[in-house]
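Okay, handing you the structure first.
Indexing begins at 1, ligand by ligand and atom by atom, following the structure's order.
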Amino acid sequence: MSPPVVLVSDPLPGVLLAELATDFDVRRCDGTDRSELLAAVPGAEALIVRSATRVDQEVLKAASRLRIVARAGVGLDNIDVGAAGRAGVLVANSPDSNVVSVAELAVGLIVALARPFADASSSVHAGEWRRADFQGVELAGRTAGIVGFGRVGQLVATRLGAFGMRIVAHDPFAREELERAGVPGLGLNEVMRRSDVLTLHVPLTDGTRDLIGDPELALARPTLHLVNTARGGIVDETALARALREGRIAGAAVDVFADEPPRDSPLIGLPNVIATPHIGAGTPQAQERAGRDAVRAVRQAFAAVPPAGAGAL
Ligand code: NAD
């Protein structure tokens, strides 16, 4: 009997591909090339993706032999989970793989907004010595508002607490976690009013789309630094750009955009915006953990055992 076909349509560490190849017929394609993807999926019994491959109804319809889509990462917004369920295709993700990497990036961006070392470094490399132009602020004693007190939000809270920041949070679904951490859970408007730093850690859903828009930003302090390492679409980029241009908030750091790459985002080019290209999970530790969970999910799907460790939906 020929081994099951596993199609890998986003990058996966070579060591994991080699490991899979011992029991599966591993095929590669570029999931961002739609025609290549649609040509490859009909033969696939398992599909491993990261965030670049869009697994929608069209792909699922073409993939008539598919048993499982394994997402080597956390977010599932590139997969039509409902359509997969209707087609009898299991969807597995790796919810814990990159939470530390994302939390560390968020904290790094918070520090980078407080102390403009990237611009200061470019200036020194350019032969300048403009100490007065690169003044910052201390984080200690300031208030950090955490929106979404899940896995990443909790790690960020612990790390910002170590800086001596006061922590408040908004997450109506995490009462127990907030109580355990001793963090006051407040309404979003109250968090907006109190925060010097606002960091977002909610998934993108119908309930969180444009969660931070004109009405929320109107409540913000002029000192506010806003950090989005969660998903584009949670912040209304037009409203955020307006608030930044008009000096109603002080700065923003954005790792995720409504459209990626962000060709038309009004945030691009603003001097008080740090923009990074969706690098939250961009560490070898996170990539390997996510890849291992995806491989394990595929193996277990073919062993007819529910995935352990990887989140099965
Ligand atoms: P999680 O599911 O553990 O936590 C999400 C939290 O958001 C939950 O506690 C939930 O109750 C809360 N929430 C949901 N809707 C809310 C609302 N309307 N208001 C307030 N809180 C709400 O998820 P996580 O592992 O902490 O990850 C958070 C997000 O980070 C992910 O959904 C993903 O979008 C993003 N992420 C980004 C990258 C990156 O590369 N930048 C990588 C991984 C994850």
Per-atom contacts, ligand 1 versus H278 - under 4.0 Å to a heavy atom: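 Listed by number with element, the hits are 39 (C), 40 (O), 41 (N).
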- prompt: Would you say the side-chain atoms of T276 and D255 include a donor-acceptor pair closer than 3.5 Å?
  reply: yes
Option of least heavy-atom distance to atom 43 (C) of ligand 1 (set: V147, T229, N98):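 Checking each option, the heavy atom nearest atom 43 (C) of ligand 1 is found in N98.
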message: Is there a polar contact between ligand 1 and T208, counting only N or O atoms under 3.5 Å apart?
response: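 In this structure, T208 places no N or O atom under 3.5 Å from an N or O of ligand 1.
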message: Set out, in order, the CA-CA distance, both residues' side-chain angles and the distance that settles salt bridge (charged side-chain N to carboxylate O under 4.0 Å, His left out) for D214 and R242, then state yes or no.
response: CA-CA 9 Å; D214 277 320; R242 210 169 18 238; 2.7 Å; yes
field: Any G282 heavy atom less than 4.0 Å to ligand 1
entry: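 Judged by the 4.0 Å heavy-atom criterion, G282 does not count as contacting ligand 1.
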H170, portion touching ligand 1 at heavy-atom distance under 4.0 Å: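 Near ligand 1, H170 shows its backbone as well as its side chain.
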task: State whether the number of non-hydrogen atoms from other residues, nucleotides or ligands found under 6.0 Å of R175 atom CZ is greater than 12.
output: no
query: ring-ring contact (aromatic ring centres under 6.0 Å, His included): which pairs involve residues 72-97, sequence neighbours left out?
result: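 Matches after skipping sequence neighbours: none remain.
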task: Check if G75 has a non-hydrogen atom at a distance under 4.0 Å from any atom of ligand 1.
output: no
Which segment of D171 sits under 4.0 Å of ligand 1 when only heavy atoms are counted: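 Both backbone and side chain of D171 come within 4.0 Å of ligand 1.
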field: Short N or O distance, V256 and ligand 1, threshold 3.5 Å exclusive
entry: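 No: no nitrogen or oxygen of V256 is under 3.5 Å from one in ligand 1.
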query: Would V99 count as a contact of ligand 1 if the rule is a heavy atom under 4.0 Å away?
result: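 Judged by the 4.0 Å heavy-atom criterion, V99 does count as contacting ligand 1.
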statement: For A230, the ligand 1 atoms with a heavy-atom partner under 4.0 Å come out as 30 (O), 33 (C), 34 (O), 35 (C), 36 (N), 37 (C)
task: Just need the protein heavy atom nearest to atom 32 (O) of ligand 1, so name the residue and atom and give the distance.
output: P203 CA, 3.2 Å
